Amino acid sequence: MLTCIIRYQIDPTKKSQFETYAQNWGQAIPRNGADLIGYYAPHEGSTTLAYGIYNVPSLAAYETYRERLSADPLGRENYEFAQKEKFILREDRTFLRLASTPHGVVQ
C-alpha cells in the first residue's frame with residue numbers, strides 16, 4: 001500500500017474555493033479507486049499550506065485511478081474549477097510506504 005500526500009500551496013484569500021475543491025474530491029476520489037483519508041485546509045499557523053491524503057495499492061493502481069478520475073465528470077469539473085479560480089499556487093505529490101507497522105503490539 002502506498003500513501004499519496006499532496007502538499008498544496010494555496011492563495012490564503014481563496015481558502016473557501018479550496019474547501020469546495022476538497023469536498024468535490026471527497027466524492028470523486030473514492031468512487032474512482034483510491035482510499036481517501038482526507039483533504040485538510042489551513043486552520044492555525046500557516047495560511048497557505050493544505051494537504052490531500054489517500055492510499056492506493058501500487059503505482060500501477062495509481063495510474064489506473066488517475067485515468068478513471070480524469071474521465072469522471074466531477075473530476076473534470078474540479079480540475080477546471082481549480083484552473084479557473086487559481087487558488088492553487090503550487091502542488092507537490094509524494095508517495096510514501098508505511099514503515100511503522102504493526103502499531104501498538106501488546107506484550
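Owing to the predicted nature of the structure, the values given are computational and were not obtained by experimental measurement. Heads up: numbering here begins at 1 and tracks the sequence.
Of all the heavy atoms in G75 and A28, the pair that sits closest is N-CB, 4.4 Å. Nearest heavy-atom pair, A61 versus S58, reported as atom, atom and distance to 0.1 Å: N-OG, 3.0 Å. Here the shortest heavy-atom pairing between E85 and K14 reads O-NZ, 2.7 Å. Nearest approach of E19 to A41, heavy atoms of both residues: OE2-CB, 3.7 Å.
A donor-acceptor contact shorter than 3.5 Å links the side chain of T20 to the backbone of S16. When atom types are taken as modelled, the side chain of R97 and the backbone of T3 share no donor-acceptor pair closer than 3.5 angstrom.
R90 is linked by a salt bridge (Lys or Arg N to Asp or Glu O under 4.0 Å) to D92, counting only residues two or more places apart in sequence or in another chain. The salt bridge (Lys or Arg N to Asp or Glu O under 4.0 Å) search around E91 returns R93, not counting sequence neighbours. For the salt bridge (Lys or Arg N to Asp or Glu O under 4.0 Å) test, no residue two or more places apart in sequence or in another chain qualifies with R68.
Within the 4.5 Å cutoff, the side chain of L74 has heavy atoms near those of the Q27 side chain.
Under a 4.5 Å side-chain heavy-atom criterion applied to ILVMFWY residues, the cluster that includes I37 comprises I5, Y40, L49, Y51, I53, L96 as well. V56 belongs to a hydrophobic cluster whose remaining members, ordered by chain and number, are L2, I6, Y8, I10, F18, Y21, W25, I29, L36, Y39, Y54, L59, Y62, Y65, L69, Y79, F81, F87, I88, F95; membership requires side-chain heavy atoms of ILVMFWY residues under 4.5 Å apart, directly or through intermediates.
Screening residues 26-37 for salt bridge (charged side-chain N to carboxylate O under 4.0 Å, His left out) gives R31-D72 as the qualifying pairs, with residues at least two apart or on separate chains.
Interatomic distance, CD of E80 versus CD of E77, reported as 7.5 Å (0.5 Å rounding).
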